[in-house]
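Reviewing the structure listed below.
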Amino acid sequence: MHRGWKNISFETMALALLIGVSVFCAARLQGFMFCQEEHFRFGALVISLCPILFVYAAVRVMSPPLLSAAMVSSVVYLLSKVSQVKDFLTGEPLSWTDLSSGTNLSVIPHYITLGNVLLLLFFALVLLVLIKINPFRGYSKPGLAVKVVTCLALFPFAFYPYCTGKLKAVNPLVGKAGISYIVWDWRYNVQLNGLAMHLVQTSRRVVPRTPDENDRKQFAALTEAGSQPVADRPKNIIFILCEACWYDERHFKEAFAPLDETGLKPFRTVSPSYGGGTVNAAFELLTGLSSKEVFTGIIYQEYASLMSDTAWAYPRSLKRLGYTTISEHNHNRKFWKRDVVNPKLGFDEFLGIEDMGYDGPAWAEDAVLFDSAFENIRRDDSPKYLFLTTVHTHGAYMEDNGDYGAGDYERRLSKTLSQLSGFVEKVLACEPDTLIVMVGDHKPALAQYFYEKGVFPKEYYASTGSSGADFRFGNIPTEAIGDVPGFIYWKNPEQVDAFVERVNGKPFYCLSQALDSEFVGAGLPAYTYAANQHMCDEFDWARQRTPAKKTFPDWLYSLSLLR
């Protein structure tokens, strides 16, 4: 009898610990919405805990209650903390792919602090103590049956996106409790559903519906439009996606002076990303399609295996006009599966840092990239399209005397732009018939600096605090968080002026369309669709914020890009 009460006490303490830590993390690290329209979301809170309770019940099969609760609580806390840091740096929380893919682990060491290491050591010590206090003594058959039944009971609620057949009946109950997957806004999705449920939801990739016969007829009409080449198109096209390159009239503008002196004309455009997610910015520029609404997450990562080997993307259209298409990035080839996706988009070659003879720090200087690109321009006389992605200004940025990392960022930015300017001068000296465009892929991850310096008004922040990781964006307009600078050089100033007028303040997919129609005319089904809909000519950011409105239809993504 005494042993029975002792076991009940351990179970009660374990559940109290697990639920307490989970609720604490939801409140302090995830921004969970406990109330909505002045009503406490009790049902949503319970279901948001189901994945955690399921894992606990599964672990309990092989370990005692206190140890199980401590292990699962440690994981919940660490994942919540990592998600908070990622949200601060990139504007998006942790997703399932961040955990399931091993190709992006090179980023992690840059965000590990001494505090993280000490916390892990503390957790390890606690686990050792708990093993001593509450050792595992095995199970009776009834005890094991209880654990199995608990897992089975929790499964439909913990993993409702996977429920089919009769189990699908649980989905309306989950929805009635206030749990639903907000595909287009992952930060809000975590606030609505909790991080654990968010990880479950993002483990199921959203795929557009299968096109029907009418969809295929519409797509065929778009492809029949073909290319309409511009008479005096450039011999070479160099597009530079500059990592975290940003300024406004009060911040970091001096770093861009070398580009002005080189003769590039500035403009402003809108990236789909903040602080990270470079390949989503590249996706819009290379496909002419929005990276939001239809596809979700980091597109290269989520959809690489589904993409067609002959996707309708801009590099492939340029190949049809005789351009050699080359993508270069001075980071490892497998990062965000560029090595898989770039050939599918029509690049003849993709060069990573492994191909540039580099042996140095992870974030290489961008001179390495520009030297490689210059050699490719000079290697023969064929027309070339180079899509270059820099890396030296990648976060995180080291703080110095309370500058929130701005000093480190500005030093690296100045170095990159000086090297870029020298590259432009060398190219134009030997190949004057070259179109050069540079855009920042997104703002730098300096949310606290932006707050302190008034770059964004305070109402754009969902939370603030004493450290950078405490700052999370709330309801911030895309055109504000995504605003980035661009620069362009072409020998015909009138064409440049027309291009700048068309793209100022518009998203990357409009920039892509305008660049082609003004200077090249290679064509793409996505460009034709946008032109037919007057999508970019009559662009309205307010209309874009209507959740029910999709910029491009599902079938255009499927037939343009997927197998």
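Excluded from the calculations below are hydrogen atoms, water molecules and symmetry mates; all remaining heavy atoms, backbone and side chain alike, are included. Numbering of residues begins at 1 and proceeds along the displayed sequence.
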Test your reading of the model: is there a side-chain donor-acceptor pair from [X] to the backbone of [Y], 3.5 Å cut-off?
| X | Y | answer |
| --- | --- | --- |
| His329 | Thr389 | yes |
| Tyr449 | Ala445 | no |
| Thr202 | Trp96 | yes |
| Asn332 | Ile353 | no |
| Arg41 | Met33 | yes |
| Asn193 | Gln201 | no |
| Asp441 | Ala244 | yes |
| Asn532 | Tyr529 | no |
| Ser308 | Arg563 | no |
| Lys344 | Ala304 | yes |

Item to check | Phe34 and Phe40 aromatic ring geometry - parallel, tilted or perpendicular at 30°/60° bounds | outcome: parallel

Next on the checklist: Strictly below 4.0 Å, N to O, side chains only: are Arg60 and Glu11 in salt-bridge contact?
Outcome noted: yes

Checklist entry - Less than 4.0 Å between a side-chain N and a carboxylate O, is that true for Asp540 and Lys506? => result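 Looking at Lys506 and Asp540, the cut-off is not met.
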
Item to check | Centroid-centroid distance, Trp363 to His331, less than 6.0 Å | outcome: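 Yes, they do, as the ring centres are separated by less than 6.0 Å.
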
Checklist entry - Given the side-chain rings of Tyr314 and Tyr527, with only the six-membered ring counted for Trp, is the space between their centroids under 6.0 Å? => result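 Under 6.0 Å, so yes.
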
Checklist entry - side chain to side chain contact (heavy atoms under 4.5 Å, CB included) between Gln30 and Ser83: does it pass, once the steps are laid out? => result CA-CA 8 Å; Gln30 301 170 23; Ser83 183; over 6 Å; no

Next on the checklist: Using side chain to side chain contact (heavy atoms under 4.5 Å, CB included), reason through Leu53 and Leu18 one step at a time and then give a plain yes or no.
Outcome noted: CA-CA 8 Å; Leu53 294 172; Leu18 179 62; 4.0 Å; yes

Checklist entry - Does Phe347 have Arg316 sitting over its ring (NZ/CZ under 6.0 Å from centre, angle to axis within 45°)? => result no

If you define the side chain from C-beta out and look only at heavy atoms, does anything of [X] sit under 4.5 Å from [Y]?
| X | Y | answer |
| --- | --- | --- |
| Leu511 | Glu284 | no |
| Val341 | Phe350 | no |
| Phe32 | Leu192 | no |
| Pro525 | Phe219 | yes |
| Leu289 | Phe283 | yes |
| Pro51 | Leu199 | no |
| Leu556 | Leu222 | yes |
| Leu49 | Tyr56 | no |

Rounded to the nearest 0.5 Å, what's the gap from [atom1] on [X] to [atom2] on [Y]? Could you check?
| X | Y | atom1 | atom2 | value |
| --- | --- | --- | --- | --- |
| Ser95 | Ile298 | OG | CD1 | 7.0 Å |
| Glu213 | Gln218 | CD | CD | 11.0 Å |
| Ser273 | Ile481 | OG | CD1 | 9.5 Å |
| Leu15 | Leu66 | CG | CG | 10.0 Å |
| Asp483 | Thr478 | CG | OG1 | 12.0 Å |
| Ser327 | Asn342 | OG | CG | 4.0 Å |

Checklist entry - Checking ring pair (Phe, Tyr, Trp, His ring centres under 6.0 Å) for the pair Tyr162/Phe155: CA distance, chi angles, key distance, verdict? => result CA-CA 10 Å; Tyr162 290 89; Phe155 181 86; 7.9 Å; no

Checklist entry - side chain to side chain contact (heavy atoms under 4.5 Å, CB included) between Lys337 and Tyr303: does it pass, once the steps are laid out? => result CA-CA 10 Å; Lys337 294 191 176 180; Tyr303 298 90; over 6 Å; no

Item to check | Shortest non-hydrogen separation from Ala70 to Ser74 and the atoms involved | outcome: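 Residues Ala70 and Ser74, closest heavy atoms: O-OG, 2.7 Å.
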
Next on the checklist: Taking CZ in Phe42 as the centre, count heavy atoms belonging to other residues, nucleotides or ligands within less than 6.0 Å. Is the count above 12?
Outcome noted: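 No.
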
Checklist entry - CZ of Arg333: more than 12 outside heavy atoms within 6.0 angstrom? => result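 Check passes, neighbour count above 12.
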
Item to check | Audit row: Leu195, Val76, side chain to side chain contact (heavy atoms under 4.5 Å, CB included) steps and yes/no | outcome: CA-CA 9 Å; Leu195 179 63; Val76 169; over 6 Å; no

Item to check | Option passing side-chain contact (heavy atoms from CB on, under 4.5 Å) with Tyr160 (candidates Asn171, Val200, Leu173) | outcome: Asn171

Next on the checklist: Taking side-chain contact (heavy atoms from CB on, under 4.5 Å) as the criterion, tell me which of Trp541, Phe508, Tyr509 meets it with Val270.
Outcome noted: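 One option only clears the test, and that one is Trp541.
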
Checklist entry - Please walk me through it: do Asp215 and Arg209 pass salt bridge (Lys or Arg N to Asp or Glu O under 4.0 Å)? => result CA-CA 11 Å; Asp215 298 333; Arg209 65 174 177 81; 2.8 Å; yes

Next on the checklist: Could you tell me if Glu243 and Thr278 have a donor-acceptor pair between their side chains, going purely by distance under 3.5 Å?
Outcome noted: yes

Checklist entry - Would Thr551 and Glu293 count as having a side-chain donor-acceptor pair, cut-off 3.5 Å? => result yes

Next on the checklist: Using the ring pair (Phe, Tyr, Trp, His ring centres under 6.0 Å) definition, which of the options Tyr188, Tyr460, Tyr461 pairs with Phe473?
Outcome noted: Tyr461

Item to check | Test ring pair (Phe, Tyr, Trp, His ring centres under 6.0 Å) applied to Phe295 and Tyr557, step by step | outcome: CA-CA 8 Å; Phe295 287 167; Tyr557 288 78; 5.1 Å; yes

Checklist entry - Taking it one step at a time, do Phe450 and Trp246 satisfy ring pair (Phe, Tyr, Trp, His ring centres under 6.0 Å)? => result CA-CA 12 Å; Phe450 292 154; Trp246 178 84; 5.3 Å; yes

Checklist entry - Would Phe159 and Phe54 count as a ring pair (Phe, Tyr, Trp, His ring centres under 6.0 Å) if you check the C-alpha gap in whole Å, the side-chain angles of each, and the deciding distance to 0.1 Å? => result CA-CA 9 Å; Phe159 301 99; Phe54 175 89; 5.1 Å; yes

